[in-house]
There are 2 protein chains.
Amino acid sequence: MSSKTVSKALSILDAFTAETPSWGLRDLARYLDMSHTIVHRILSTFEEKGYVVQNTETNKYELGIKFMELGNVVEENLKISEMIQPIMKRIALGTGESVVLTIIDNEEGLYLKIVESEKSVRFSESVGKRSPLYIGASHKVILAHLPPDIQSKIIDHGIENKARQINTKESFQVLLEFIKKQGWFYTSSETFEEVAAVSIPLFDKKNNILGSLSVAGPDYRLTDEQAKKILPILKEYQENMNFILSKVFFPSRRNYLMNKLS
Amino acid sequence: MSSKTVSKALSILDAFTAETPSWGLRDLARYLDMSHTIVHRILSTFEEKGYVVQNTETNKYELGIKFMELGNVVEENLKISEMIQPIMKRIALGTGESVVLTIIDNEEGLYLKIVESEKSVRFSESVGKRSPLYIGASHKVILAHLPPDIQSKIIDHGIENKARQINTKESFQVLLEFIKKQGWFYTSSETFEEVAAVSIPLFDKKNNILGSLSVAGPDYRLTDEQAKKILPILKEYQENMNFILSKVFFPSRRNYLMNKLS
DNA sequence: CTTTGTGGTTCGATTATAGAACCACTATTC
DNA sequence: GAATAGTGGTTCTATAATCGAACCACAAAG
């Protein structure tokens, strides 16, 4: 059994995103289809505890610095910066492009870490963004290694939302099979316009898919041919990343998706 | 009025720190002096919403990746990385030492951002750590610019906790006055053993203290004399930082401390 | 100066919560 | 190997916290 009140409180938190980082009380209540009274009470509690601040000029509510703290607790716990950063940095220097670590989290792909290239024109996106698994090389490479029943569910979801990446379910499944066999994938202008990426999958010790490692850059520079040249550099660090991620991602995290789908 | 249930839920979150990032159910309940039933119900809710994960091997609970996302929402909202990072990087390169941005948040000092030096021996601490305002250059420089009544309250708090930095209230107040007049401060082995730091205060447009900017390094390298050489580099960027932080920190954040103390 | 919008508050009827007592399980003790 | 003490997890009802219609006070717009 779970707590209704806490659940509502967390739904309120979920409303704060990079796109909508500040909310007026009544706006937020309408968006969540809740009474403004309860939203107000919960926000007051968050504010009391330092989790939310109210802009005194606009009266709008925003997430507090507390979340940076807690985010850091998670990051430290995962030891991401310590172990993975140096590898990603090396790949960024070796390829001259930005390097992206994507993981699978709750049916979606999540940019966990990005190390940017030194070049003035480079792929630069914000960590923490989620998107469905049928879009982009970094995500497709993950989807290709998921069990068929979960694949099927996610593809159906894509078809429902009329994803332009999917023609027919069958052709998409053939594509995924190809990606799985090839062991890497290249896309151009899928998730982001004019951005291309090469991705390889990352696994745990038992060969369960964990996420992917990608090199991303402007499509005029990161062409199909250039991607093939970059591939060996990526693959050079694949086992190393697998090893670290296996240690860092406890079974709990790995199974999270599976639990949700069962 | 605030919600008791949500308040309890947030107290549970507060228990997850860099030092204690994972908790067993009953341990946590004991620590919080709550019934394990309610802790369990709240944790289940957090888990359902992806805010907490349970390690399937140890059964212990940990904060979920969600907090990295929300932490990022806050960071994007504050535009810290975009605007402040380049300045701190320049100072780090110019001085060869790590650069620390500290802000005042709810009676305490909070390391908001650290750009590390390139040297192999360098000051390296985790962002998000809090400590009382009477310890260390970066914090004292903030305390020196707070209103007398708040200063007094914080010093009393330090005396209660037998802080070794404070001899008598009077002598400490004299020191703070000196720091305020001088406009900067240097300490060695205060917050961290063998670590020295030079700090300058940062203000908003109305000259309210917002935080401090520090250069920190090993005390054998960052001596008193070296600090004086570094000072001009720090001061060079002071107004620039003031300007950016004033824009970035809404009055809500600035007044947070004051509201709490009133 | 009425209307419609804020954010914030009040209070009683309703409903979700609290927590003792309970499993099922594991590890340790004697 | 029976007894004990520890896990995490669940059940159930008296009770206490929550919900939300109706209410401010205020601001902007018509």
Side-chain angles (χ1 to χ4, degrees), chain A residues 1-13 15-16 20-64 250-253 255-256 258-260 262, chain B residues 1-13 15-16 20-64 250-253 255-256 258-260 262:
Chain A
M1 205 44 217
S2 76
S3 161
K4 285 232 164 129
T5 312
V6 176
S7 188
K8 277 173 197 168
L10 296 181
S11 300
I12 290 177
L13 281 191
F16 292 86
T20 55
S22 67
W23 282 96
L25 173 62
R26 259 143 154 127
D27 266 357
L28 182 53
R30 263 189 299 274
Y31 170 73
L32 294 165
D33 199 24
M34 289 187 193
S35 151
H36 76 276
T37 314
I38 162 177
V39 175
H40 177 259
R41 182 147 40 91
I42 291 173
L43 283 175
S44 299
T45 317
F46 278 132
E47 197 177 12
E48 237 172 50
K49 289 272 189 175
Y51 281 78
V52 155
V53 279
Q54 190 175 18
N55 189 318
T56 48
E57 277 171 1
T58 63
N59 273 340
K60 293 199 170 183
Y61 292 90
E62 295 158 13
L63 294 186
F250 314 100
S252 54
R253 284 179 228 281
N255 293 335
Y256 190 63
M258 314 301 165
N259 292 338
K260 279 282 179 175
S262 64
Chain B
M1 205 41 218
S2 77
S3 161
K4 285 228 164 136
T5 312
V6 177
S7 190
K8 278 172 194 165
L10 296 180
S11 300
I12 291 176
L13 283 191
F16 293 86
T20 55
S22 68
W23 283 97
L25 174 62
R26 267 157 146 114
D27 265 357
L28 182 53
R30 264 189 298 274
Y31 170 75
L32 293 166
D33 200 24
M34 288 188 194
S35 153
H36 77 277
T37 315
I38 161 176
V39 175
H40 177 259
R41 182 146 40 91
I42 291 173
L43 282 175
S44 300
T45 317
F46 277 132
E47 198 177 10
E48 237 171 51
K49 288 273 189 174
Y51 282 78
V52 155
V53 279
Q54 190 174 18
N55 188 319
T56 48
E57 277 172 2
T58 63
N59 273 340
K60 293 198 171 184
Y61 292 89
E62 296 158 14
L63 294 186
F250 313 99
S252 54
R253 286 178 226 280
N255 293 335
Y256 192 64
M258 314 301 167
N259 293 339
K260 278 283 180 179
S262 65

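We name chains A, B, ... by the order of the sequence lines, and we start the count at 1 in each one.
- Interface remark: the A:H36 side chain does not form any donor-acceptor pair with the D:dG20 base, using a distance-only criterion of under 3.5 Å.
- Between the CG atom of A:L32 and the C1' atom of D:dC19 there is a distance of 16 Å, rounded to whole Å.
- Rounding to the nearest 0.5 Å gives a distance of 5.0 Å between CE of B:M34 and CD1 of B:I12.
- One finds a side-chain N or O of B:R41 lying less than 4.0 angstrom from the OP1 or OP2 phosphate oxygen of C:dA18.
- Remark: A:R30 is not in phosphate contact with C:dG5, judged by side-chain N or O atoms under 4.0 Å from OP1 or OP2.
- Of the P atoms belonging to D:dG9 and D:dA5, the separation is 23 Å, rounded to the nearest Å.
- Between A:M34 and B:K60, the one whose closest nucleotide on DNA chain D sits nearer the 5' end is B:K60.
- In this structure, B:L43 atom CG and D:dG9 atom P are separated by 9 Å, rounded to whole Å.
- An OP1 or OP2 oxygen of D:dT18 is reached within less than 4.0 angstrom by a side-chain nitrogen or oxygen of B:T5.
- Here the separation of D:dA22 from D:dC26, taken at their P atoms, is 23 Å to the nearest Å.
- Defined by atom type and a distance below 3.5 Å, a donor-acceptor pair is present between the side-chain atoms of A:T37 and A:S35.
- Checking the phosphate oxygens (OP1, OP2) of D:dG9, a side-chain nitrogen or oxygen of B:Y61 falls inside 4.0 Å.
- Residue A:D27 is the one, among A:D27 and B:S35, whose nearest nucleotide of DNA chain C lies closer to the 5' end (criterion: closest heavy atom).
- In plain terms, the two heavy atoms of B:T45 and A:S2 that are nearest each other are OG1-CB, 3.4 Å.
- Donor-acceptor pairing under 3.5 Å, judged by distance alone, is present between the side chain of B:R26 and the base of D:dG8.
- Between A:F16 and A:W23, the ring planes lie perpendicular to each other; the angle is over 60°, past the 30° to 60° tilted range.
- Between B:H40 and D:dG9 there is a side-chain N or O to OP1 or OP2 distance below 4.0 Å.
- To the nearest angstrom, P of C:dT15 lies 14 Å from CD1 of A:I38.
- Comparing C:dG7, D:dG8, D:dA17 against the side chain of B:N59 picks out D:dG8 as the nearest.
- Spacing between atom CD1 of A:I42 and atom C1' of D:dG20 amounts to 13 Å, rounded to whole angstrom units.
- Residue B:I42 holds its CD1 atom at 8.5 Å from OG of B:S11, rounded to the nearest 0.5 Å.
- Heavy-atom nearest nucleotides on DNA chain C were determined for A:T37 and for A:L25, and the one closer to the 5' end corresponds to A:L25.
- Remark: A:K8 is not in phosphate contact with C:dA16, judged by side-chain N or O atoms under 4.0 Å from OP1 or OP2.
- If you take CG of A:L28 and P of C:dG8, they are 12 Å apart, rounded to a whole angstrom.
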